[in-house]
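Comments concern the structure below.
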Amino acid sequence: MTRLQWAAVAAGLALLAAMPWFADKFAVQFASKVLIFALFASSLNLLVGQAGLVSLGHAGFFGVAGYVLALASPEYDAAPLWSTLAMAVGVAALLALAIGALVVRTRGVYFLMATLAFGQMLFHLFHDGDFAGGSDGLQIFARPAGTLFGVALFDLEQYRHFHWVVLAACALVLVFLARLRASPFGRVLDGIRVNEHRMRALGFATVRYKLVAFVLAGALAGLAGYLSACQFGVVNPESLGWHQSGAVLLMVILGGMGSLTGPALGAAVWWGMELFFQGFTRHWQLPMGAVIVAVALFLPDGLAGLWRRVRPPRAVAAEASVREGAA
Amino acid sequence: MDLATFFIQLLNALQYGLLLFLIASGLTLVFGIMGVINLAHGAFTMVGAYLAWSLAELTGSFWAALALGIPLTVLLGAAVEWLFVRRLYARDHLHQVLLTFGLILILEESRSLLFGDDVHAVAVPALLSGSLPLTDTLSYPVYRLALSGACLALALAMAWVIRATRVGMMVRAGASNREMAEALGIPIKWVQLGVFSTGIALAGLAGMMAAPVSSVYPGMGNQVLILCFVVVVIGGIGSVKGAFVAALLIGLVDTFGKVVTLEVAGVKLLPQLAGMSVYLLMAAVLLWRPEGLFGRRP
Amino acid sequence: MSAAVLAADNLARRFGGLAAVDGVSLAVAMGEVHAVIGPNGAGKSTLVNLLSGDLAPSGGCIVLDGRDVSRLGPARRSHLGLGRSYQKTNVFLPFTVFENCRLAAQSRLATSMRFLRPASSFAQVNEAAGRALEATGLEPRRHAVVATLSHGEQRHVEIAMALATRPRVLLLDEPLAGMGAEESAGIVALLRRLRPDHAIVLVEHDMDAVFALADTLTVMANGRVIASGPPATVREHPEVRRAYLGDESHA
């Protein structure tokens, strides 16, 4: 990213951090939701934008982490934050390891179909099973308590605290993903996206790298799912169904896959659109669908591409050398 | 399970598998020949089922509903190809995913606006409303048998068209090399229009024919789409033969998975696993042959 | 002549009923260029793909440094010292020249499962990439995106990437394909410089280059070896003259 982009991101984060002081409760909670999905979409972008693996089952890890919190929470009482968070992210990662071991052996559209089917398998497990509330799902009556060594750090029951915690998690993950992009691991994923065959000839065991990326993305999706379950106090099979997987993939594509901040932008636009159209009609999915179709037809690089069209890059080489560069 | 019950379940499994094949073959055809991944494929099955219901209500005849519904779905498929899909042939699969996901939202909401969100039953046509007695107490509905027969006939007809006719030759030529086909004077744009609307029509027709058996409900398209994907993953991408075998396998596994409760030492093994049996089958196939049963090895 | 670094014994690969490579044996030693020639469809590229591990053999075995590698994939063989170039340019088009070589050199890190430290800060990787650029004369084009390079330059990138993995055995599949005379001479000179420290298997159509470089020459036709030995001897082989060189002189 250029210095200007970093400055824009920093300004955006500062604005979001200050939000609880000038915005009303509804706006802050909306922003928290967008941030959680920005995190979720960024985790998917690690697969789609970087490794070129288009997953349509990513909600599985998001939803399962929420279920872990719900199942681990005592009835009517707050669960301990850190242990349940570790458990939720851990379960999501393990699940990603099991599913990933099967699906990273496939390629292209085949990968997309296989991930979709496995996501749906999880949906059926929670929908048809009676261990987690079946089709109604589960409720979380009290948000986890954020204590460390007996000291209460923050109170997630307060929407302002919750917002800051989500923002901090988001910022941390963003920094991590930025470092990852420039790391040897990130470069390997870039190479796999562009030319996996050559990567193997160069001596990279590509399947292993794809699997690690799949597990990392699953764990981060689990983090997002945990936060989402905290915010809404309810988990249901829809949270891991394929509509959710499709929605988050659309956020990634809408925002633009090439960039670090594209998925976050996509998440903001997605929920903004929903809010906007819901104000007009019960059938808000109709105009939303029309916008998506229009983007597919006319904005091949997503909204980030629109920005690039307004401000064309200096040279074809510019972006690539910037990416090489950090050098 | 006695023999008669087993036989009935077997017939159910076949009927389910054949219907699934009919839908999945449209998806495979469109993907294999034109390289287009259509997430809205299942939504067209839903459209077909709602068309069958509303047209049958309107005309009072299931047959009239079929006669009107088939050309309507063909037209719908052609319109979608002409308006949208045509522009995305040369593009990344991601754009096709984006477009067809948008189409799902549009189709589902249009359905909600036009037909509402209720579940409907469609009456079995009088001609096929009887049952064949199997034993003194058990019988099998004629409509289900006719449905299986129709699916099988359509599958054979499709195989014949692709293998043995001039149209099939054009389709295959277009699939293997678009530029060469154009140089040979094959009207590739019309072939693409034809293949896409045929694929949609197959999905829609399957929805219409299944309506009297499965009832008509919102979201039925999603279920169908995902099972179609499982069929393609198991069978191997672009392989019609693979799709046929996989669809029948899924029919068997799903039907018997629901009937047979696994009991080990008197303990019932998670009955909820029944809904997952199809996916477990897919996992096993992926483990064994990542490219599917009839897919080409890389 | 020293012992073979890479040897193939009775290697075979069938595609359905067709035997693309049928009972081929060859060996190449350090400091040697072993050229493989033959008409189109003789099975040369299949042979290279078998040696590199891109294809699994239907029969026979491949020995690298005394170790049977027949069942190993391309990634494992690369780590055992095998580097290859492709007949059709097979590089990372959206990346810069340097990044192509850097990524190749990065494959020699003990692991690329490093998540936080910038890839550009690994000194030994940058050095290896830089050396590959120097060796191939690509240094001035370091920051150019490969997609914007000429065909000849892309062929150089192809070789530079193979070099950046510091292989001992080089498999070069038609490195001169589509090159002009001047560029070809440059590559021939490069291969001469590489010869002392590498065992080179060279598949090539350009006869001038082959006879300028080859220490051993193997002629293939229809998947089989019809002659093999020092170029001067092979040249006089009657079957070779008939099957291959003869065609050339008529053309």
Side-chain angles (χ1 to χ4, degrees), chain A residues 1 46 49-52 105 172-173 175-213 215-217 219-220 257-258 313-327, chain C residues 49 52-54 73-86 89-122 125-126 129 142-148 158 161-162 164-167 171:
Chain A
M1 287 209 292
L46 183 62
Q50 214 165 352
R105 285 142 51 91
L172 274 177
V173 169
V175 169
F176 170 69
L177 288 174
R179 295 291 297 261
L180 193 76
R181 284 164 84 86
S183 75
F185 181 75
R187 291 307 168 82
V188 170
L189 295 189
D190 281 330
I192 289 173
R193 182 188 71 242
V194 173
N195 190 344
E196 183 176 356
H197 176 231
R198 187 60 194 240
M199 287 300 278
R200 275 202 305 276
L202 289 177
F204 291 102
T206 54
V207 167
R208 214 178 307 157
Y209 289 97
K210 287 196 287 184
L211 182 58
V212 171
V215 172
L216 258 178
L220 291 176
M257 295 161 297
R314 276 151 293 179
V316 188
E319 193 197 4
S321 60
V322 166
R323 293 190 90 178
E324 177 208 305
Chain C
N49 285 333
S52 70
D54 286 78
R76 293 288 304 283
R77 290 190 209 185
S78 164
H79 280 283
L80 293 172
L82 208 71
R84 74 164 292 181
S85 75
Y86 287 82
T89 306
N90 187 0
V91 294
F92 302 96
L93 290 175
F95 298 172
T96 61
V97 172
F98 179 75
E99 179 61 13
N100 268 270
C101 292
R102 204 203 56 74
L103 199 53
Q106 186 188 309
S107 69
R108 300 303 110 167
L109 287 178
T111 175
S112 283
M113 296 283 180
R114 312 274 305 249
F115 302 99
L116 296 175
R117 194 175 143 191
S120 53
S121 70
F122 289 79
V125 172
N126 292 339
R142 181 185 180 97
H143 294 298
V145 171
V146 174
T148 64
E158 181 75 42
M161 283 171 74
T165 64
R166 278 175 286 157
L171 304 172

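Please read these numbers as outputs of a predicted model, since none were measured by experiment. Residue numbering restarts at 1 for every chain, and letters A, B, ... go by the order of the sequence lines.
Among A:Arg198, A:Met199, A:Arg179, the residue making the largest number of heavy-atom pairs under 4.5 Å with chain C is A:Arg198.
Shown here for C:Ala75 and A:Ala205, the closest heavy-atom pair between the two residues is CB-N, 4.2 Å. The two residues A:Pro184 and C:Phe122 make their nearest non-hydrogen contact at CG-CE1, 3.4 Å.
Expressed to the nearest 0.5 Å, how far CZ of A:Arg187 lies from CD of C:Glu99 amounts to 4.5 Å. With rounding to the nearest 0.5 Å, the separation of CZ in C:Phe115 from CG in A:Leu216 is 5.5 Å.
Only the side chain of C:Thr165 comes within contact range of chain A, judged by heavy atoms closer than 4.5 Å. Heavy-atom distances place both the backbone and the side chain of C:Thr111 under 4.5 Å from chain A. Using a 4.5 Å cut-off between heavy atoms, C:Arg76 makes no contact with chain A at all. For C:Arg114, the parts lying near chain A are the backbone and the side chain together; criterion is any non-hydrogen pair under 4.5 Å.
For C:Arg77, there are no salt bridge (charged side-chain N to carboxylate O under 4.0 Å, His left out) partners two or more places apart in sequence or in a different chain.
Side chain of A:Asn195 to main chain of C:Phe92: no donor-acceptor pair is present (N/O by atom type, distance under 3.5 Å, no hydrogens or angles). Under a 3.5 Å cut-off, the side chain of C:Ser78 and the backbone N or O of A:Leu202 do form a donor-acceptor pair. A donor-acceptor contact shorter than 3.5 Å is absent between the side chain of C:Ser107 and the backbone of A:Gly203.
More than 12 heavy atoms of other residues, nucleotides or ligands lie within 6.0 Å of CZ in A:Arg105, so this atom counts as buried by the packing criterion.
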After noting the C-alpha distance and the side-chain angles of A:His197 and C:Asp54, does the key distance pass the side-chain contact (heavy atoms from CB on, under 4.5 Å) rule?
CA-CA 9 Å; A:His197 176 231; C:Asp54 286 78; 2.4 Å; yes
